[in-house]
Protein chains: 2
Amino acid sequence: MMMAHAKISDEELFDGLITVFRTFGYEGATMSKLVEATGLERASLYHRFPGGKTEMACAVLECVGERFAENILAPLAKPGDPAKRVAKMAKRTKEFYVGGRLSCLLDTMSVGGDKEQIQECVSRMFKAWFDALQKVSMDAGFKAQEAKQRAEDALIQIQGALVMNRAMNLTRPFGRIMDDLPQLLTGKD
Amino acid sequence: MMMAHAKISDEELFDGLITVFRTFGYEGATMSKLVEATGLERASLYHRFPGGKTEMACAVLECVGERFAENILAPLAKPGDPAKRVAKMAKRTKEFYVGGRLSCLLDTMSVGGDKEQIQECVSRMFKAWFDALQKVSMDAGFKAQEAKQRAEDALIQIQGALVMNRAMNLTRPFGRIMDDLPQLLTGKD
DNA sequence: TGACTTTTACCGATCGTTCGGTATATTTGT
DNA sequence: ACAAATATACCGAACGATCGGTAAAAGTCA
């Protein structure tokens, strides 16, 4: 509509911000790091996010939520064998976390958690993820309660594997957990 | 042994430091917060930890490692039914994390992770925990490889449940995971 | 007294934030 | 169509506050 040439696109901008926030958490994500990662100067970031660092964090969470919904959660809602759908989702999830070498934004951003606004964003993103998992588990034939528990288990294992990978500098656990996801969410064990 | 006049004991000192580090992570744990939590002034903390914040973080990790080994991991190595030992350990673990309301130091401290020394402490603590779990699983009759996988699963689920609790402000998932631990580590499912 | 702990007072650096101003693009008035 | 006015995007420099850290004095015991 009315754009005076943007130095970088919103997509590129968010790429930089996401990388910093997911790596260093909210407190560790300093303006200097955000400036370096985006290529924009301090004041320019404030032009795009008048609400400052808090708004950046929330915007980053929303952006990741959208990307996650489009690229990872979407396959779960498509027609076809639920197990195959979960396998597709697991594959995309592995890519998203680069095989478990990157942390989850919902984990790193929830450390400290003195900002009400951010905490609310985090729990909302988490809930959306959870709902998508429960739904596919119900598609596989499980009752609401059983599906709920399996979705919870899946989310717990994904988050736990990412923490373990980061803390011990490994990659195998996450890969194994992801490979077992179809069985966990749709299997009759 | 050679203490003239300590305002507070090492135990009390570490209590304060641990609370701050486990709540806010390394970057979020500012000197001001540490001063407030311990009751000692800035310079007094530097007297006890000449290496500064990095040394405090490492000392805190070591301290928690010792407390963890004594109070939580010790029951795992005692004689008796492995399942009962794990149940005891699960009970102590629940208390340690206050039913899942508190975060794990190994999680929050590994966010950011630009300090080599801290990262090394974290992974070492994690390894000790892992080894204790594998050992009790082998006591339950599992071969090394099978026990290894079950220990890994247990650790993943504990960490994942703690992350989920924090991110969604819940407490149930962690409690459920802990109750299922004996089955996971020693059960023949 | 002498060894040890705590404190007051302070340091330079960096934190998140804001200001003043420039360049480019769009809209408006004629 | 052409210039004035408006809006958008950016940047350098600085703000007050707080960061992690240090020196030297004051207090506290054997």
Side-chain angles (χ1 to χ4, degrees), chain A residues 1-21 23-61 108-109 111-118, chain B residues 1-21 23-61 108-109 111-118:
Chain A
M1 303 291 184
M2 34 167 171
M3 293 258 209
H5 77 286
K7 188 177 178 183
I8 59 172
S9 67
D10 282 8
E11 189 121 345
E12 292 170 312
L13 175 59
F14 277 114
D15 282 342
L17 296 181
I18 290 169
T19 300
V20 175
F21 275 112
T23 304
F24 299 102
Y26 180 78
E27 313 253 17
T30 65
M31 291 303 299
S32 305
K33 283 176 184 157
L34 295 171
V35 164
E36 189 189 15
T38 57
L40 286 184
E41 291 303 320
R42 266 174 168 68
S44 305
L45 287 173
Y46 273 86
H47 174 69
R48 299 225 192 178
F49 305 98
K53 197 177 157 185
T54 305
E55 187 182 332
M56 292 182 212
C58 289
V60 157
L61 281 166
T108 62
M109 285 280 246
V111 174
D114 34 9
K115 298 260 182 182
E116 189 77 29
Q117 198 176 157
I118 293 175
Chain B
M1 305 315 171
M2 24 119 183
M3 288 220 216
H5 168 237
K7 186 176 178 183
I8 60 173
S9 67
D10 281 10
E11 190 121 344
E12 293 170 311
L13 175 59
F14 277 114
D15 282 343
L17 297 181
I18 290 169
T19 300
V20 176
F21 275 112
T23 304
F24 300 101
Y26 180 78
E27 312 253 18
T30 65
M31 291 303 300
S32 306
K33 283 176 184 156
L34 295 170
V35 164
E36 189 190 15
T38 57
L40 286 184
E41 292 301 322
R42 236 178 195 68
S44 306
L45 287 173
Y46 275 88
H47 174 69
R48 300 224 191 177
F49 305 97
K53 196 177 158 185
T54 305
E55 186 182 333
M56 292 182 212
C58 289
V60 157
L61 282 166
T108 63
M109 285 281 245
V111 174
D114 34 10
K115 298 259 182 184
E116 190 78 28
Q117 199 176 158
I118 292 174

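Here the structure is a predicted model, which means the values were calculated and not measured. In what follows, chains are A, B, ... by sequence order, proteins preceding strands, each numbered from 1.
Relative ring orientation between F21(B) and Y26(B) is described as parallel, the plane-to-plane angle staying below 30° on a 0-90° scale split at 30° and 60°.
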**Request:** Take I8(B) and R48(B) through the side-chain contact (heavy atoms from CB on, under 4.5 Å) test and state the conclusion after the steps.
**Result:** CA-CA 11 Å; I8(B) 60 173; R48(B) 300 224 191 177; 4.0 Å; yes
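One distance of note links CG of L17(A) with CE of M56(A); it measures 7.0 Å at 0.5 Å rounding. L34(B) contributes atom CG, which lies 7.0 Å from atom NZ of K53(B) (distance to the nearest 0.5 angstrom).
Of the side-chain N and O atoms in R48(A), one or more sit less than 4.0 angstrom from OP1 or OP2 of dC10(D). Note on H47(A): a side-chain N or O is less than 4.0 Å away from OP1 or OP2 of dA9(D). Between K7(A) and dT24(C), a side-chain N or O to OP1/OP2 separation shorter than 4.0 Å is absent.
The distance from atom CZ of F24(B) to atom P of dG20(D) is 13 Å, rounded to the nearest whole Å.
Among residue pairs with one or both ends in residues 32-44 of chain A, those qualifying as side-chain hydrogen bond (donor to acceptor under 3.5 Å, both in side chains) are S32(A)-R42(A); sequence neighbours excluded.
Not counting sequence neighbours, D114(B) has no partner by the salt bridge (Lys or Arg N to Asp or Glu O under 4.0 Å) test.
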**Fill in**
Scoring nucleotides 8-21 of chain C by protein non-hydrogen atoms under 4.0 Å (B base, S sugar-phosphate only, - none) yields B------SSBBB--
